[in-house]
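To start, the structure under review is shown below, and the notes come after it.
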Amino acid sequence: MSIIVYSKPACVQCTATTRALEARGLPYELIDLTEDDTAFAHVSELGYRQLPVVVAGKDHWAGFRPDLIGRLA
C-alpha cells in the first residue's frame, strides 16, 4: 500500500504525521502543495481544507491522526 502525505512548509501537524509514520517504519511520499498545483487541486476535490492530508490506499483523512496511522502499521 502506498502512503502519500500532502503537506506545506512549517505545518506542525504535517511534521507530527511524518514523524509518526517514520517511527512505525512506514514508507511514504511527501508532496508539498505549495509547489504542486495538480496535487493541490486533487486535495481540494477530495474536499479537504486542512493539512496534512494522508492518502493510504483507499483511505484518506486530514490532520494528525495517530489512531489512523496506528492502523496502518
Side-chain angles (χ1 to χ4, degrees):
M1 167 182 40
S2 68
I3 301 171
I4 302 172
V5 179
Y6 295 96
S7 180
K8 68 177 182 176
C11 169
V12 174
Q13 289 191 34
C14 301
T15 301
T17 296
T18 57
R19 285 184 181 166
L21 290 168
E22 290 168 3
R24 288 168 177 76
L26 296 169
Y28 63 91
E29 178 183 358
L30 185 66
I31 298 178
D32 183 343
L33 292 183
T34 65
E35 297 179 3
D36 190 330
D37 292 336
T38 303
F40 181 83
H42 174 66
V43 168
S44 295
E45 287 171 7
L46 291 174
Y48 292 111
R49 302 283 182 246
Q50 112 180 41
L51 294 176
V53 171
V54 179
V55 177
K58 295 180 183 180
D59 298 324
H60 47 85
W61 65 84
F64 176 52
R65 296 289 308 270
D67 57 325
L68 297 178
I69 292 170
R71 292 182 193 169
L72 300 175

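Scope of the values below: all heavy atoms of this structure, side chains included, with no hydrogens, waters or symmetry mates. Remember, predicted model here, so these are calculated numbers, not experimental data.
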Checklist entry - Going by the salt bridge (charged side-chain N to carboxylate O under 4.0 Å, His left out) test, which pairs reach into residues 51-69, not counting sequence neighbours? => result R65-D67
Checklist entry - CG/L51 to CZ/F40 distance, rounded to the nearest 0.5 angstrom? => result 8.5 Å
Checklist entry - S44 versus R49: any side-chain heavy-atom pair under 4.5 Å? => result yes
Checklist entry - Quick one: disulfide (SG to SG under 2.5 Å) pairs with a partner in residues 2-40, sequence neighbours left out? => result C11-C14
Item to check | Within residues 15-42 or reaching into it, pairs that qualify as salt bridge (charged side-chain N to carboxylate O under 4.0 Å, His left out) - sequence neighbours excluded | outcome: none
Checklist entry - Under the 3.5 angstrom rule, does the side chain of Q13 hit a backbone N or O of F64 as a donor-acceptor pair? => result yes
Checklist entry - What is the ring orientation for H60 with Y48, classed by angle as parallel under 30°, tilted 30 to 60°, or perpendicular over 60°? => result perpendicular
Checklist entry - Is there a side-chain contact between H42 and V53 (heavy atoms, below 4.5 Å)? => result no
Checklist entry - Hey, quick one: are L68 and V54 part of the same hydrophobic cluster, counting side-chain heavy atoms closer than 4.5 Å, chains of contacts allowed? => result yes
Next on the checklist: Let me check something: do M1 and Y28 share a hydrophobic cluster, defined by ILVMFWY side-chain heavy atoms less than 4.5 Å apart, either directly or through other members?
Outcome noted: yes
Next on the checklist: Please tell me whether L30 and W61 are part of a single hydrophobic cluster in this structure, the criterion being side-chain heavy atoms less than 4.5 Å apart.
Outcome noted: yes
Checklist entry - Any chain of hydrophobic side-chain contacts (each under 4.5 Å) joining V55 to I31? => result yes
Next on the checklist: I need the I69 CD1 to T17 OG1 distance, nearest 0.5 Å.
Outcome noted: 4.5 Å
Checklist entry - Given side chains that start at C-beta, do those of I3 and L26 come closer than 4.5 Å, heavy atoms only? => result yes
Checklist outcome for this item: d(S7 OG, L33 CG) to nearest 0.5 Å is 7.5 Å
